[in-house]
Asker: 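What follows is a structure written as structure tokens; I'll ask about it next.
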Amino acid sequence: MERTLIRDIREKDDTRISCSGWVHRIRKLGGITFLLLRDRSGILQTVWSEEPGLNLESVIQVRGRLKPSEKAPGGVELQVEDYKLLAAAAPNLPVAVNQDPTKLSIEALLDYRMLSLRNPKIRSIFSLQSEILRSFAEYLRSLDFTEIKSSKLIGSGSEGGTGLFEVDYFDRKVFLAQSPQLYKQAMVAAGMERVFEIGAAYRAEKHETPRHLNEYVSLDIEMGFIESDQELMDLEAEILNYIFEQVRRKNADILELWDSSLPDPEAMRKIPRISYDEARDIISTRLGRRIFELNPEGERELCQWAAENAGVEAVFVHSYPRKKRPFYTYPDGRHTMSFDLLFRGLEISSGSRRIHDHDLLVENIRRFGLDPEEMEDYLQVFRYGCPPHGGFAFGLERLTQKILGLSNIKEASLFPRDRKRVSP
Ligand code: AMO
């Protein structure tokens with residue numbers, strides 16, 4: 001008999017079906033056993049006249065007849081006629097799979113990741129993440145962007161010389177890529193003009209915060225023939241609008257499960273754009289003391305300001321000072337054509353117009369204390385004609401974290417890497 005997915009059960013009465021999945025919960029009432037069966041699509045109540053003696057999380061196939069039931073999820077239950085044990089689970093799960101995961105500590109969630117990921121609420125984070133990835137790529141393809149995959153092993157830093165993980169590469173040292181920055185620029189100059197990449201990025205940063213990972217997924221965009229970073233902010237707002245629209249449409253159940261909501265349709269078009277200096281003034285006024293850096297407290301304050309003044313919990317901060325941005329950023333006097341997007345109190349993306357003039361780039365590389373000779377391959381991109389261009393990158397986990405209101409970014413990473421954790 002063919003397998004029926006739980007979400008595809010249409011009939012309520014007397015139809016014989018077969019379902020397969022995991023033993024989610026068992027409850028005994030009088031002589032009857034109620035067993036909740038979980039598959040990728042949902043949960044079905046199954047009713048057993050004889051106790052099957054199964055451990056939670058065992059994998060089974062059951063056959064039986066559907067009966068309407070007011071108390072069962074979906075208003076239907078399966079009266080089991082026979083079953084097959086496909087894989088027995090050991091008793092005594094180290095973490096409960098069938099309970100509210102918000103009651104578990106982040107350590108328990110991560111130490112027993114192979115089991116905590118079975119929890120439907122936790123798994124739903126990654127279903128929603130999958131939708132972010134799909135809609136991001138879909139939207140960019142519709143605008144004639146080409147998807148690229150660049151190497152994650154690099155000879156010199158893509159964001160400057162710090163925060164690099166060293167790797168033994170035969171008889172020499174190389175590094176894990178901090179971003180695909182230099183390669184995405186190279187592909188614009190190679191004539192693709194518009195590229196995007198979804199890939200892992202590595203940061204050997206020692207801090208342990210709810211917003212940092214040592215390995216994250218970067219959603220990168222780069223495009224040629226732009227004149228200012230304003231065009232990039234326009235594109236970024238449209239991308240987010242599309243992602244939010246798709247997530248709202250496809251993952252309404254997940255948003256409800258996490259008690260979260262997305263900004264109104266079109267809200268991304270109303271995001272205020274303020275300069276770095278204006279941002280510092282606004283934060284200083286609101287906090288009643290002069291601030292000199294945009295720290296996490298300031299970022300939260302700024303999003304609050306945007307919510308009150310523009311009705312959207314997001315703000316673009318542009319015109320960062322030169323020393324605060326990487327060597328490839330296009331200068332604009334003492335400032336740069338660069339920007340960050342803060343959303344719900346957190347920087348979720350960063351971008352800029354890039355320097356496309358060879359000599360200016362060499363000068364800026366030196367200004368940052370880096371050696372142009374070590375970047376000879378990269379400099380070829382500009383020596384032989386590169387159009388004006390720019391781009392930006394989102395952190396996938398940060399975006400997921402802010403959509404669902406997760407308190408720690410690690411919850412938005414399948415197998416997070418931090419200073420202490422490289423397993424599972
Ligand atoms: P930046 O270094 O600001 O810019 O990174 C871009 C975005 O990536 C995410 N991110 C992180 N997420 C989790 N943990 C981290 N340690 C981490 N570091 C960065 C953030 C951040 O906004 N090449 C430029 C982008 C560009 O200009 O195109 C870059 O990498 O969401």
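Start at 1 and go down the list; that is how both ligands and their atoms are numbered.
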Asker: Report yes or no: does a heavy atom of S218 sit under 4.0 Å from some atom of ligand 1?
Answerer: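 No, S218 has no heavy atom closer than 4.0 Å to ligand 1.
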Asker: Going by distance alone, is a donor N or O of one side chain under 3.5 Å from an acceptor N or O of the other, for E236 and S349?
Answerer: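 A donor-acceptor contact under 3.5 Å links the two side chains.
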Asker: State the atoms of ligand 1, each with its element, that fall below the 4.0 Å cut-off from a heavy-atom position in R398.
Answerer: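 Counting atoms of ligand 1 from 1, those under 4.0 Å from R398 are 12 (N), 13 (C), 20 (C), 31 (O).
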Asker: Could you check which of R417, E205, E215, K184 puts a non-hydrogen atom nearest to atom 28 (O) of ligand 1?
Answerer: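 Comparing heavy atoms across R417, E205, E215, K184, the nearest one to atom 28 (O) of ligand 1 lies in K184.
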Asker: Specify side chain, backbone, both or neither for F392, according to which of its non-hydrogen atoms lie closer than 4.0 Å to ligand 1.
Answerer: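 For F392, the contact with ligand 1 is made by the backbone alone.
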Asker: May I ask whether F339 places a heavy atom under 4.0 Å from ligand 1?
Answerer: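 Per 4.0 Å heavy-atom rule, F339 does not contact ligand 1.
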Asker: Start with the C-alpha gap between E159 and Y328, add the side-chain angles, then the distance that decides, and say whether side-chain contact (heavy atoms from CB on, under 4.5 Å) holds.
Answerer: CA-CA 9 Å; E159 302 294 327; Y328 49 77; 2.5 Å; yes
Asker: Number the atoms of ligand 1 from 1 as they appear, then name those within less than 4.0 Å of a heavy atom of S179, with their elements.
Answerer: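 Here the atoms of ligand 1 in question are 23 (N), 30 (O).
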Asker: How does Y328 reach ligand 1, by side chain, by backbone, by both or by neither, if only non-hydrogen atoms under 4.0 Å count?
Answerer: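 For Y328, only side-chain atoms sit under 4.0 Å from ligand 1.
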Asker: Indicate, as side chain, backbone, both or neither, the part of E159 found under 4.0 angstrom from ligand 1 when only non-hydrogen atoms are considered.
Answerer: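 Contact part for E159 vs ligand 1: side chain (C-beta onward).
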Asker: Would you mind running through ligand 1 and noting each atom that sits below 4.0 Å from a heavy atom of E347?
Answerer: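 This gives 3 (O), 21 (C), 22 (O), 31 (O) as the contact atoms.
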Asker: Go through ligand 1 atom by atom and flag the ones less than 4.0 Å from a non-hydrogen atom of I348.
Answerer: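 Checking each atom against I348, I get 22 (O), 31 (O).
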Asker: Check for me whether L346 has a heavy atom closer than 4.0 Å to any atom of ligand 1.
Answerer: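 No, L346 has no heavy atom closer than 4.0 Å to ligand 1.
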Asker: Heavy atoms only: which of R203, Q181, Q178 lies closest to atom 30 (O) of ligand 1?
Answerer: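 Selected option, by shortest heavy-atom distance: R203.
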Asker: Considering only heavy atoms of G351, which atoms of ligand 1 have at least one such atom less than 4.0 Å away?
Answerer: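 In order of number, 27 (O).
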Asker: Tell me, which protein residue and heavy-atom name are nearest atom 27 (O) of ligand 1, and how many Å apart are they?
Answerer: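 Here the nearest protein heavy atom works out to R354 NH1, 2.8 Å.
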Asker: Under 4.0 Å from a heavy atom of H212: give me the atoms of ligand 1 that qualify, with their elements.
Answerer: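 Atoms satisfying the 4.0 Å criterion: 14 (N), 16 (N).
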Asker: Which atoms from ligand 1 have a heavy atom of R211 less than 4.0 Å away?
Answerer: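 Every atom of ligand 1 under 4.0 Å from some heavy atom of R211: 13 (C), 14 (N).
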